[in-house]
Asks: 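Sharing a structure, written as structure tokens. Questions coming.
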Amino acid sequence: MGQTTEVDLRQQIVDSIGELLPRVLKREVPELPESTRLFDELGLSSASTLELLLELEEALDLQIDVEEIDQGDLESVGTLADFVAAHSLTQD
Amino acid sequence: MFNAGPADLTAPERPLRVTRAVRRVFDGRSDTALDPELRIFLSDMVRPYGLALREDLLTAGVGHSYGEMAAPLIAEATSADEPVDVLVLAFAMHDLRLGRATSVYLSNLCPGGPMAFAVCDQGSAAAFTALRLIREYSRSGACRRALLLVLEQSVLHYEPAGPAEIPARHAGVALLCDDAGGAALSGARQHADVAVGQVATLLAEDLGALTAGRTDVTLILGGGLAALADAGLAERVRIAPEGQPYTGVWWELAGALDHDDPGLTVFADHDPNLRYLCVSALDTVAARQEQPA
Amino acid sequence: MTALTAVASYLPAGRVPIEELAGRLGLSDRQVRVFRRFHGLSEVCRDHDGTLFDLLAAAVGELDELRGREHLVKYVLYARGMPVAVPYPANPLHELCRKLGLAHAVAFTVTHHACATGLLAVDIAGRLLASDGVPGALALVIAGEKTFTRDAELVPDTSIFGEGAAACLVSADGASDRLLSYVTRLRGDFDGRLVEDPGLAVRFAKEYPGSLAEVILAAVQRAGLALDEISLIVPHNVNAVSWRRLCRMIGYPVDRVLLDNVAVTGHCFAADAFLNYRLAADRGLLNPGDRYLMVAAGLGATFSAMVFEH
């Protein structure tokens, strides 16, 4: 895989979220700015958030430490990406 | 929030008084009777027992829920400035809201947001046990005011799994318990494994012990003891109304307590299937004589 | 003081991987993977052929300390999480009492505290015995349920139920595993069915950690202790992720919450506390004088915590 900078990882996460959301929500999802609100705009529940995190783990070969996640992290695509970037171990 | 340490039995015992009694019969039904999920749950529940569902009753959409029945009982028995600490719901035959933690639901409707739970699987003894448990919670100072709810409803949406009386109507009784006034709980006895043939003797013994020297005694007999109505057990005897196997004795008790100063009221019932004989007593004279600690 | 005199557990031999339940429970492959990855579930114990009577009888059968002391048992309490589970007037509890030589005891079911009903039953049993004041008298508390209907198989997005069962003896004058405090918080505003009401699920999930933390801290305080004096938490097996989150919230080390049964038994209704106590005791995790918590919560909703001293 090579060395991944934190910025790269975060961007990968943002991109992946965009690709994986339609799968988790089971519907088409338009291009999303990072400010898109997960609960209010997309209707993501805490259950489907875990599904999204699971998919992210598998897509990006990560292990996400979900115990620290709080409401603030789940506000938007951007905050979620920040959380995942800061709370993941990349699998070697 | 209910917060208790170990029961402190060295503390002076808080006396238990029944200060208000409310009783109602309910016409009508719960809308849950037409919920399609009801059939699914019931099917799953009866399948291991090989019982048939009552399609006629399910289609008719009859039957009631204890949450809906108890709400007006609570409203009548309590007031905002008399917060309740413990609420106990006693029933024998279940209602329609099969998945609901009804006593907890009712806690949210009851002033004081009491600690609440249900007692069941004990036939007509459940309500007597519930009253005992209210006494135990009151004793240790964990509870000052309590509400006993005894409920039954008349619709069983499947063939019963054995011989047992099905109530003829939807009925409920609420007893408010406090630490002053009203009638003092002066006895709460329960005997297990009592055959029908032994009931009269045991009941007479308990009566003797509970009423020694008193002339102002009323005996209330639940449906399971109706056969002893003319056995000369007491001067004044009242019988629970027919068709109310689980609320009947409490119904009659509520009526008796409504009179000014009923004196010593002994109320009892026997469950013929589960073989419990329960005998309790409420005393307005004792309530006046004893002062709360 | 209310005390646990003996605790026995029984796990049916059947172990069903949660994948096998997916079809019947309408779980997607991804939902099953979430249960495994985050909730810590793996298998649940089930007995396909046995009845509720069989399950409870097996649990009592494991309680060696009962044998020869049946005459001392004054009360038998069945702690049931599901409000209704058998058709009227079937009564496995009383059938069991007759079979076990306990027909002389006053027996009844307590319910409505969901998975916290086991804790309630212990408190009630202790109070009855204390009031009677008969030295050496005992109460038998039993727990364990059949996964007979969907609502008794699955808590959507949260847990999967198993058929583990437990039996314990409670006394009012025991020397060990003495009850120091009991706190319970009822939230009747969480009445409803998760499958029908997604809003309920969201509200409950939001409220859950704070409410559970509240009763834990209140129980510890009532016992005159600080949280770091608690050696172990004996939890309900709802799942691992909610416990890990809660521990972060209250600052309690998650490796002192006994979660090993989650992946083995599933969530065994009101029996979890006793199953996990048994596991803790068998592993030597409880030393004399240790203070530990039993904690459970469930929809209804009820949040409960008890502090014991081993």
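As a basis for the values below, the full set of heavy atoms in this structure was taken, side chains included, without hydrogen atoms, waters or symmetry mates. By convention in this document, chain letters (A, B, ...) are assigned in the order of the sequence lines, proteins followed by strands, and residues within each chain are numbered from 1.
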Asks: May I have the step-by-step check of side chain to side chain contact (heavy atoms under 4.5 Å, CB included) for B:Met115 and C:Leu120, ending in yes or no?
Replies: CA-CA 11 Å; B:Met115 201 280 256; C:Leu120 171 70; 4.0 Å; yes
Asks: Take atom CD in C:Gln221; do more than 12 heavy atoms of anything else shown fall under 6.0 Å from it?
Replies: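 No, not enclosed.
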Asks: Are C:Leu128 and B:Leu133 close enough, and set up right, to give a side chain to side chain contact (heavy atoms under 4.5 Å, CB included), and what steps lead you there?
Replies: CA-CA 7 Å; C:Leu128 282 167; B:Leu133 295 183; 3.7 Å; yes
Asks: At a heavy-atom distance under 4.5 Å, which candidate from C:Pro87, C:Ala90, C:Gly81, C:Gly300 has the highest pair count against chain B?
Replies: C:Pro87
Asks: So which part of C:Ala301 gets closer than 4.5 Å to some heavy atom of chain B, the side chain, the backbone, both or neither?
Replies: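 Backbone only.
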Asks: Closest approach of C:Ala85 and B:Met45, non-hydrogen atoms and distance?
Replies: O-CG, 3.5 Å
Asks: Can you name the nearest heavy-atom pair linking B:Ala192 to C:Ala103, along with the distance?
Replies: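 Residues B:Ala192 and C:Ala103, closest heavy atoms: CB-O, 3.5 Å.
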Asks: So which part of C:Thr302 gets closer than 4.5 Å to some heavy atom of chain B, the side chain, the backbone, both or neither?
Replies: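 For C:Thr302, side-chain heavy atoms alone lie under 4.5 Å from chain B.
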Asks: Find out whether C:Val106 and B:Gln122 are in side-chain contact, i.e. whether some heavy atom of one side chain is under 4.5 Å from a heavy atom of the other.
Replies: yes
Asks: Heavy-atom cut-off 4.5 Å, strictly under: side chain, backbone, both or neither for B:Ala126 against chain C?
Replies: neither
Asks: Got C:Glu153 and B:Asp44 here, is their nearest side-chain heavy-atom distance under 4.5 Å?
Replies: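 The answer is no, as the side chains (C-beta and beyond) never meet within the 4.5 Å cut-off.
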Asks: Check each atom of C:Arg187 against the heavy atoms of chain B and say whether the ones under 4.5 Å are side chain, backbone, both or neither.
Replies: backbone
Asks: Which bit of B:Leu89 is near chain C, if near means a heavy-atom gap under 4.5 Å: side chain, backbone, both or neither?
Replies: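 It is the side chain, since no backbone atom gets that close.
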Asks: Considering non-hydrogen atoms only, spot the tightest contact between B:Tyr276 and C:Ala107 and give its length.
Replies: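 The answer is OH-N, 2.8 Å.
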Asks: Please examine the side chains of B:Asp121 and C:Arg80, heavy atoms only from C-beta on, and report whether any two atoms are closer than 4.5 Å.
Replies: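 Heavy-atom side-chain distance check passes, below 4.5 Å.
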Asks: Supply the atom-to-atom distance B:Thr129 OG1 to C:Tyr75 OH, rounded to the nearest 0.5 angstrom.
Replies: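 Rounded to the nearest 0.5 Å, the OG1-OH separation comes to 9.0 Å.
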Asks: Specify which of C:Arg150, C:Lys146, C:His113, C:Met1 makes the most heavy-atom pairs with chain B at under 4.5 Å.
Replies: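 If we count pairs closer than 4.5 Å to chain B, C:His113 comes out on top.
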Asks: For the CZ atom of C:Arg185 and the CG atom of B:Asn3, what is their distance to the nearest 0.5 Å?
Replies: 12.0 Å
Asks: Just do the side chain to side chain contact (heavy atoms under 4.5 Å, CB included) check on B:Leu106 and C:His112 with the steps written out, would you?
Replies: CA-CA 11 Å; B:Leu106 292 173; C:His112 291 178; over 6 Å; no
Asks: As an exercise, state the distance from CZ of B:Phe117 to OG1 of C:Thr184, rounded to the nearest 0.5 Å.
Replies: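 Spacing of CZ (B:Phe117) from OG1 (C:Thr184) equals 10.5 Å.
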Asks: Can you tell which part of C:Asn91 gets under 4.5 Å to a heavy atom of chain B, answering side chain, backbone, both or neither?
Replies: side chain
Asks: So for B:Pro48, is it side chain, backbone, both, or neither that comes closer than 4.5 Å to the heavy atoms of chain C?
Replies: neither
Asks: So which part of B:Ser103 gets closer than 4.5 Å to some heavy atom of chain C, the side chain, the backbone, both or neither?
Replies: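 Both the backbone and the side chain of B:Ser103 come within 4.5 Å of chain C.
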Asks: Between B:Ser43 and chain C, which part of the residue has a heavy atom less than 4.5 Å away: side chain, backbone, both or neither?
Replies: neither
Asks: Tell me, side chain or backbone of B:Ala116 under 4.5 Å from chain C's heavy atoms, or both, or neither?
Replies: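 Contact with chain C involves both backbone and side-chain atoms of B:Ala116.
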Asks: Under a 4.5 Å heavy-atom cut-off, does chain C meet the side chain of B:Tyr158, its backbone, both or neither?
Replies: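 Interface part for B:Tyr158: side chain.
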Asks: Looking at every heavy atom in both C:Val215 and B:Met1, which two are closest together, and how far apart are they?
Replies: CG1-SD, 4.2 Å
Asks: Between B:Tyr49 and chain C, with a heavy-atom cut-off of 4.5 Å, which part of the residue counts as in contact: side chain, backbone, both or neither?
Replies: side chain
Asks: Just how far is it from atom CD of B:Glu165 to atom OH of C:Tyr88, taken to the nearest 0.5 Å?
Replies: 7.5 Å
Asks: In terms of heavy-atom proximity below 4.5 Å to chain C, should B:Leu51 be classed as side chain, backbone, both, or neither?
Replies: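 The side chain, not the backbone.
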Asks: Which pair of non-hydrogen atoms, one from C:Ser131 and one from B:Arg135, has the smallest distance, and what is that distance?
Replies: OG-NH2, 4.1 Å
Asks: Do any N or O atoms from the side chain of C:Arg193 and from the backbone of B:Gly99 form a donor-acceptor pair under 3.5 angstrom?
Replies: no
Asks: Under 4.5 Å from any heavy atom of chain B, what part of C:Asp132 do you find: side chain, backbone, both or neither?
Replies: side chain
Asks: Could you look at B:Asp95 and say if it's the side chain, the backbone, both or neither that has a heavy atom under 4.5 Å from chain C?
Replies: neither
Asks: Select, from C:Leu52, C:Thr51, C:Leu93, C:Val86, the one with the greatest count of heavy-atom pairs under 4.5 Å involving chain B.
Replies: C:Val86
Asks: Taking B:Asp193, B:Asn273, B:Val46 one by one, which has the highest count of heavy-atom pairs under 4.5 Å against chain C?
Replies: B:Asp193
Asks: Taking every non-hydrogen pair under 4.5 Å, which of C:Leu77, C:Thr117, C:Leu180, C:Asp151 racks up the most with chain B?
Replies: C:Leu180
Asks: Are C:Asp123 and B:Tyr137 packed together at the side-chain level, in the sense that at least one heavy-atom pair is separated by less than 4.5 angstrom?
Replies: yes
Asks: So which part of C:Leu179 gets closer than 4.5 Å to some heavy atom of chain B, the side chain, the backbone, both or neither?
Replies: backbone
Asks: What closest approach, in Å, do B:Phe41 and C:Val84 show between heavy atoms, and which atom pair accounts for it?
Replies: CZ-O, 3.6 Å
Asks: Under 4.5 Å from any heavy atom of chain B, what part of C:His104 do you find: side chain, backbone, both or neither?
Replies: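 Only the backbone of C:His104 comes within 4.5 Å of chain B.
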Asks: Relative to chain B, which segment of C:Ala105 carries a heavy atom at a distance below 4.5 Å: side chain, backbone, both, or neither?
Replies: backbone
Asks: Find the one option among B:Gln190, B:Arg100, B:His94 whose heavy-atom pairs under 4.5 Å with chain C are most numerous.
Replies: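 Looking at each of B:Gln190, B:Arg100, B:His94 in turn, B:Arg100 comes out on top.
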